[in-house]
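Each remark here refers to the structure printed beneath this line.
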Amino acid sequence: MNRTAQRSAGILAALALGAGGLAPLALAAGANAESGSYFERTATYPVHQNHPEGAAAETAAEISTVSADGQTLIYTDALSRQIGFVGISDAAKPVGLGTLPLHQLGSAEDEPTSVAAFGEYVLVVVNTSTSYSEPSGRVDVVRIADRTLVHSIALPGQPDSIALSADGAYAAIAIENERDEDAGDGGLPQAPAGSVAILDTVGQSPADWSLREVPLAGGTRENPEALDELAQAGLDTPQDPEPEYVSINSRNQAAVSLQENNGIVLIDLPSGTIAKAFSAGTVDLEGIDTEEDGKLDPAGSLLGVPREPDAIGWIQDRYLATANEGDWKGGSRGFTVFDSSTGEPVWDAGSSFEHLALSQGLFPEGRAGKKGTEPEGLAIGEYQGTDYAFVASERGNFVAVYDMADPRAPKYVQTLPTTNGPEGILPIPGRELLAVSSETDEAENGVRSALNLFSFGAAAPQFPQLSSDPADPVPFGALSGLSANPADASQFFAVSDNAYQPRIYTLEAGTPATVESSMAVTGASVELDLEGITARADGGFWAAHEGETGAQNLLVRIDAEGVVQEEIALPELAELGKHGLEGIAATGAGEKEEVVFAVQRELPGEDYVRLGRYLPATGEFSWYGYQLEAAVDGAWNGLSEITALPDGSYAVIERDNQVGPGAAHKKIYQVRLPDAAAGEVPLVQKMLAADVLSALQETSGWTQEKLEGLAVADGEVYVVTDNDAVDDATGETVFAHLGAADEVFDLAGPEPSEQPSEEPSEEQGEAPVAEPTASPSQAPQQDSNQPQAPTDAPQQSRPTEPEAGGDLADTGANSFWLIPVGAVIALLGAAAAIKSARARAK
């Protein structure tokens with residue numbers, strides 16, 4: 001096994017011991033690591049792969065069901081006007097089985113809203129409405145085996161959801177007759193009113209089934225009137241009920257959420273009568289982010305907020321849980337448990353659901369002024385004798401899992417990160433699986449609608465890998481740089497980019513790593529976009545500010561209190577486009593301090609990216625060239641971090657701009673900076689240290705694009721991803737431990753090249769170092785796409801302005817045969833001997 005292969009194996013082993021050994025958060029009292037009572041993600045399947053048009057298709061997996069044998073998932077795709085079939089016999093390798101377009105069942109304009117598997121059939125609930133004022137729909141009964149239409153049943157209006165009774169006698173369908181948000185003020189009332197349809201499924205054939213309607217309003221279709229049961233319950237606008245979601249208990253009672261009306265109705269299915277109606281009530285929220293202002297600031301409050309429940313689920317036949325997304329008047333940003341016998345809430349998440357998102361980097365700040373995390377989906381499932389509630393955050397892209405053994409006291413267990421817009425939650429207890437369908441399709445940003453599969457029985461949760469205390473959250477996100485704390489080997493500093501107002505975070509190593517505190521950066525002359533940070537030996541920080549143009553890039557010196565002390569403009573970058581500074585590293589102290597930084601993309605006319613060195617004591621700049629790997633078609637590669645290593649060399653992150661299945665290039669290289677004469681840009685040689693793609697794919701999620709932070713702390717190597725502030729991105733933050741630095745990097749190379757004096761001059765700073773040397777079995781492997789060169793070759797260099805027709809590989813590379821090889825080997829051997837002697841002397 002070569003050294004790079006050993007490193008990859010080491011990374012996987014470190015992940016198995018690190019991320020695989022994460023402890024539950026402080027609130028997680030319901031599961032314990034020895035019981036195997038956690039879910040772990042096994043696969044993320046983009047549903048465009050199941051579409052005839054492939055990646056070009058617009059898709060939206062919204063609601064899913066599973067065949068009776070548990071082997072086939074069936075999902076609705078309203079954007080493509082079809083339902084899809086996916087084989088899950090191997091939960092780690094879903095297989096697309098094709099789609100059934102609704103034009104084969106009725107019309108190309110038909111829209112599937114829900115599905116429910118029933119024996120050999122799947123019931124497809126279809127919206128056929130031509131307008132909001134003329135709603136209509138039907139249920140199509142499709143044989144799963146051959147996908148043929150067996151029977152169609154007309155519905156009395158526009159349907160939303162469907163639920164089947166455990167005994168197979170009934171299907172209940174919420175007939176929403178939804179409002180037109182563009183009509184008037186977009187609110188209620190808007191005729192016609194909604195209802196609930198009951199499909200009696202007893203009979204030899206679907207043709208024998210019959211349909212009944214339970215009206216939820218009186219009067220006429222054009223002028224509905226409130227029923228006494230709904231009016232006396234205190235529902236909002238009871239004359240225009242809009243059923244949203246339905247769930248059936250073992251007593252054949254259907255619970256129906258009326259989201260816009262902020263209420264719940266219970267219906268006895270055998271008799272088709274309303275048994276009870278009650279208001280979902282209001283809740284006071286404290287310690288939440290309520291302003292869309294670019295700050296993660298949970299200092300706001302909302303009082304008397306209508307819950308406006310969306311999804312609903314029965315627990316033990318008596319209790320009801322609701323996901324309170326809100327709609328047009330409220331949204332309590334959590335979920336509630338009601339006692340159905342009294343209609344009273346017996347437990348409410350309050351602000352705790354929102355705090356989970358804030359503490360785990362999943363809060364969508366862009367929605368702070370609206371409905372925050374928007375908990376929309378909810379399902380209840382029994383696994384190994386325990387009821388669990390699964391509550392999905394539509395905007396935070398996660399599902400929170402709760403132990404519901406005592407419905408009056410739910411216990412948070414874990415968070416399951418998903419792709420964007422988790423909508424349908426499908427427990428599959430018979431196979432100890434959970435399926436989550438995420439409807440949002442962000443093709444332009446690379447995140448596609450997907451089915452997320454999770455398996456029950458893991459000894460520990462996979463997520464989060466980085467978190468603050470949810471009971472007292474330190475909100476974080478968009479981490480764009482990472483640095484070790486020179487004063488504390490267990491700590492790191494991180495910085496967020498301009499997705500938020502700039503802050504410096506203090507992190508503590510562990511499983512998971514924790515965000516202990518954060519500090520605002522103040523006093524800058526510009527709106528900072530901090531893309532890199534490094535802690536100074538003298539205290540405080542250097543940070544890299546990426547300007548909108550090359551001329552606006554700055555090195556920023558910040559004191560220990562977060563106040564900007566100095567801003568340094570960079571020469572020679574005026575022609576650079578928007579991809580500017582991305583990483584920064586500082587070494588030395590006082591007069592010997594050096595600041596080294598990385599630019600992400602090439603300057604016009606140059607076929608390499610630049611690394612720079614700045615000497616604060618003299619104001620001197622030096623420049624170096626770094627050759628990027630060739631990117632695949634439609635992608636680009638760039639640098640996103642630079643970190644100082646213990647032996648005087650540097651590590652850089654080189655990555656592509658691809659996500660999900662398209663992500664291919666997420667690597668760390670090791671470089672040494674050569675001498676840089678005035679007017680020249682020497683080309684550094686790079687050596688592959690680690691391929692981080694395996695770490696980003698370890699938990700079977702959507703592979704993150706922005707691998708942007710790298711630090712070596714206490715001899716260990718760590719990386720972190722920028723989650724793009726949960727804005728058109730999944731929002732999942734990967735914080736991975738890659739192993740020991742002396743295993744990831746070649747730290748056994750020679751000492752820095754000797755100068756006439758062992759102390760570097762003030763003008764030069766630290767002396768430049770020679771290329772690392774090692775036997776082929778020990779040296780870091782160069783990238784397979786990179787031209788191979790002997791490790792004892794001299795550094796290549798180029799003038800600042802490239803020669804016409806020149807190529808980077810031509811600069812001196814054809815003159816290697818002129819080097820007295822024997823002399824070079826002798827010198828390197830002597831350097832190695834000196835280092836060995838120094839090591840023994842210690």
Side-chain angles (χ1 to χ4, degrees), residues 14 17-19 21-23 25-26 359-361 464-469 472-477 479-496 502-521 530 532-544 556-565 583-590 592-596 641-651 653 708-721 733-745 747 842:
L17 294 174
L22 297 178
L25 297 178
S359 68
Q360 296 173 358
Q465 297 176 359
L466 178 67
S467 176
S468 62
D469 182 357
D472 185 19
V474 178
F476 71 94
L479 300 183
S480 55
L482 192 66
S483 170
N485 181 353
D488 186 335
S490 68
Q491 283 189 343
F492 307 86
F493 296 110
V495 68
S496 55
R503 300 191 73 85
I504 296 173
Y505 300 86
T506 300
L507 316 181
E508 190 80 24
T511 51
T514 55
V515 182
E516 297 294 322
S517 62
S518 70
M519 172 177 66
V521 177
L530 299 183
I533 186 172
T534 183
R536 303 176 64 220
D538 290 335
F541 311 90
W542 282 102
V556 183
R557 184 166 60 85
I558 304 169
D559 69 17
E561 283 70 47
V563 181
V564 172
Q565 301 295 311
I584 192 166
T587 61
K592 298 179 182 178
E593 184 177 39
E594 297 187 2
V595 180
V596 176
E641 176 69 293
I642 188 165
T643 300
L645 297 178
D647 68 340
S649 62
Y650 291 87
I653 292 176
E708 296 214 344
L710 168 67
V712 177
D714 199 23
E716 302 296 314
V717 183
Y718 299 85
V719 292
V720 71
T721 59
T733 297
V734 176
F735 188 93
H737 171 219
L738 302 187
D742 57 4
E743 290 295 327
V744 176
F745 301 106
L747 303 180
K842 293 179 180 179

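Bear in mind the structure is a predicted one, so any value in this text is a computation, not a measurement.
Minimum heavy-atom separation, A489 to A713: O-CB, 3.6 Å. Here the closest non-hydrogen pair linking S468 and F476 is N-CE2, 4.3 Å. Closest heavy-atom contact between P512 and P464: CB-O, 3.2 Å. Contact detail for F541 and A560: the closest heavy-atom pair is CE1-CA, 4.4 Å. In this structure, Y650 and L645 approach most closely via the heavy-atom pair C-CD1, 4.0 Å. Nearest approach of A644 to T587, heavy atoms of both residues: CB-CG2, 3.6 Å.
Annotation: the span from Q491 atom CD to T514 atom OG1 amounts to 9.0 Å, rounded to 0.5 Å. Atom CZ of residue R536 and atom OG of residue S483 lie 12.0 Å apart, to the nearest 0.5 angstrom.
In this structure, D559 contributes its side chain and E561 its backbone to a donor-acceptor pair below 3.5 Å. Looking at D538, its side chain does come within 3.5 Å of a backbone N or O of G590 through a donor-acceptor pair.
V521 places a side-chain heavy atom less than 4.5 Å from the side chain of V564. Counting heavy atoms from C-beta outward, L530 and S496 have side chains that stay 4.5 Å or more apart. Residues L507 and L482 are in side-chain contact: their nearest non-hydrogen atoms beyond the backbone lie under 4.5 Å apart. Under the 4.5 Å side-chain criterion, counting only non-hydrogen atoms from C-beta, V720 is not in contact with F492. Side chains of Y718 and L738 form no contact here, defined as non-hydrogen atoms less than 4.5 Å apart. Contact of the V717 side chain with the F745 side chain is registered, since non-hydrogen atoms from C-beta on lie closer than 4.5 Å. Looking at L479 and F735, their side chains never come closer than 4.5 Å, going by heavy atoms from C-beta outward.
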V495 vs S480, side-chain contact (heavy atoms from CB on, under 4.5 Å): CA-CA, chis, key distance, verdict:
CA-CA 6 Å; V495 68; S480 55; 3.8 Å; yes
Which is it for Q465 and V734 under the side-chain contact (heavy atoms from CB on, under 4.5 Å) test, yes or no, and what are the steps along the way?
CA-CA 6 Å; Q465 297 176 359; V734 176; 3.3 Å; yes
Check the pair W542 / I558 against side-chain contact (heavy atoms from CB on, under 4.5 Å), numbers first and verdict last.
CA-CA 6 Å; W542 282 102; I558 304 169; over 6 Å; no
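Donor-acceptor pairing under 3.5 Å is recorded for the side chains of E508 and S490.
Checked options L710, T534, V596; the residue passing with I642 is V596 (criterion: side chain to side chain contact (heavy atoms under 4.5 Å, CB included)).
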